[in-house]
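Here is the structure we will look at.
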Amino acid sequence: MPELPEVESTRRGIRPHVLGRVVDQVLVREPRLRWLVTDDVVGRPRGQRVEGVERRGKYLLLQFPGDALMVHLGMSGSLRILNGWRPPGPHDHVDLVFEDGRLLRYTDPRRFGSMHWIPGPDLVHPLLDPLGPEPMSEAFSGGWMHRRSRGRRASVKSFIMDARTVVGVGNIYATEALFRAGIHPARAAGRIGAERYRRLAQAIRQVLSEAIAAGGTTLRDFVDGSGRPGYFRQDLRVYGRAGEPCRTCGSPIRQLRIGQRASCYCARCQR
DNA sequence: CCGGACGCCTGTCGGC
DNA sequence: TGCCGACAGGCGTCCG
């Protein structure tokens, strides 16, 4: 499910409901996520107040005094605020129960997500360590991509989906950004010039901003912290539109596979 | 170092 | 109707 806009929509949805609340207990019904949920996730948050709800790439960070809880939604994960106890469904793996009876419930049918306790205030974790720049930060630019891509023969689509290049860009938004920038997804990253990378950086920022404003993209089951779907699906120009006419030029949208992922593009608009 | 394939899971959908 | 393969929003790991 979730790329940066969906994670950010989740962050904004849950933040007002969890900020300042004190954790009463953490219930882990199924610890077998992408990585085994360890005992510190169950034991350490108890009695602690949530002091911040942040995001780094596709990771959500619940900040406690001195420590943090790091959550990844994988392919099919979501977090929901419940105002009171409700019986959990088969994929409701973790509950953070607050002292006032509200809870934050983690649901993830495919269990590709994860939950880690990060001791200490500095957000040091091996999964965060290799991450590249945030797309909205100054550190991310066409120049950065251009320099980093010299000599690379991998496709530009794989290149921008690599979190070391830029965080938060998954299959949907890589596909959409390349369409907006007029770049063919299979083109070798190292054979794209500085000016086109400037356009691509702008396209990535633009498509992510618009998607956040729409509450993200719901393909099947994504909902934000309040249970609302995202409405960016109707604004997708190429993703999931193979065989349909290009909204710009009318020629049929084509699809190929890059790195085991479907890649839709317009052969006329993207070179 | 780089690039590509694999595997982890469950649910859904299309074709036969 | 039922079965079976393909596919799905991610990403660490392994291999050549």
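Scope of the values below: all heavy atoms of this structure, side chains included, with no hydrogens, waters or symmetry mates. So you know, we letter chains A, B, ... as the sequences are listed, proteins then strands, and number each from 1. The model shown is predicted, which means the values in this text are computed figures rather than measured ones.
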Pair pattern of DNA chain B in dot-bracket, where unpaired bases get dots and | marks partners in another strand, Watson-Crick or G-U under 3.5 angstrom:
.|||||||.|||||||
Protein-to-nucleotide contact annotation, 5' to 3' order, nucleotides 2-8 of chain B [B base; S sugar-phosphate only; - none; under 4.0 Å, heavy atom]
SSSSSBB
Could you name each residue pair satisfying salt bridge (charged side-chain N to carboxylate O under 4.0 Å, His left out) that touches residues 110-122 of chain A, not counting sequence neighbours?
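Applying salt bridge (charged side-chain N to carboxylate O under 4.0 Å, His left out) to every pair that reaches into residues 110-122 of chain A, excluding sequence neighbours, yields nothing.
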Sorted by first residue and then second, give each salt bridge (charged side-chain N to carboxylate O under 4.0 Å, His left out) pair with at least one member in residues 144-155 of chain A; sequence neighbours left out.
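Every salt bridge (charged side-chain N to carboxylate O under 4.0 Å, His left out) pair that includes a residue of residues 144-155 of chain A, provided the two are not neighbours, is R148(A)-D162(A).
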Under the side chain to side chain donor-acceptor pair (under 3.5 Å) rule, collect the residues that match up with [X], sequence neighbours excluded.
{"X": "E176(A)", "answer": "none"}
{"X": "R21(A)", "answer": "D100(A)"}
{"X": "Y173(A)", "answer": "E6(A), T217(A)"}
{"X": "R198(A)", "answer": "E195(A)"}

Under 3.5 Å, which donor-acceptor pairs link side chains of residues 40-54 of chain A to any protein atom two or more places apart or in another chain?
from: D40(A); atom 1: OD1; to: T38(A); atom 2: OG1; distance (Å): 2.4
from: Q48(A); atom 1: NE2; to: R44(A); atom 2: O; distance (Å): 3.0
from: R49(A); atom 1: NH1; to: G20(A); atom 2: O; distance (Å): 2.7

Give each protein N/O atom lying under 3.5 Å from an N/O atom of nucleotides 11-14 of chain B, with the pair distance.
from: dG11(B); atom 1: OP1; to: H91(A); atom 2: NE2; distance (Å): 2.7
from: dT12(B); atom 1: O4'; to: R220(A); atom 2: NH2; distance (Å): 3.2

Contacts of type ring-ring contact (aromatic ring centres under 6.0 Å, His included), residue H184(A), not counting sequence neighbours
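Here the qualifying residues are Y265(A).
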Going by atom type alone, with no hydrogens or angles, which donor-acceptor pairs under 3.5 Å involve a side-chain atom of residues 65-73 of chain A and a protein atom two or more places apart or on another chain?
from: D67(A); atom 1: OD1; to: G120(A); atom 2: N; distance (Å): 2.8
from: H72(A); atom 1: ND1; to: G74(A); atom 2: N; distance (Å): 2.9

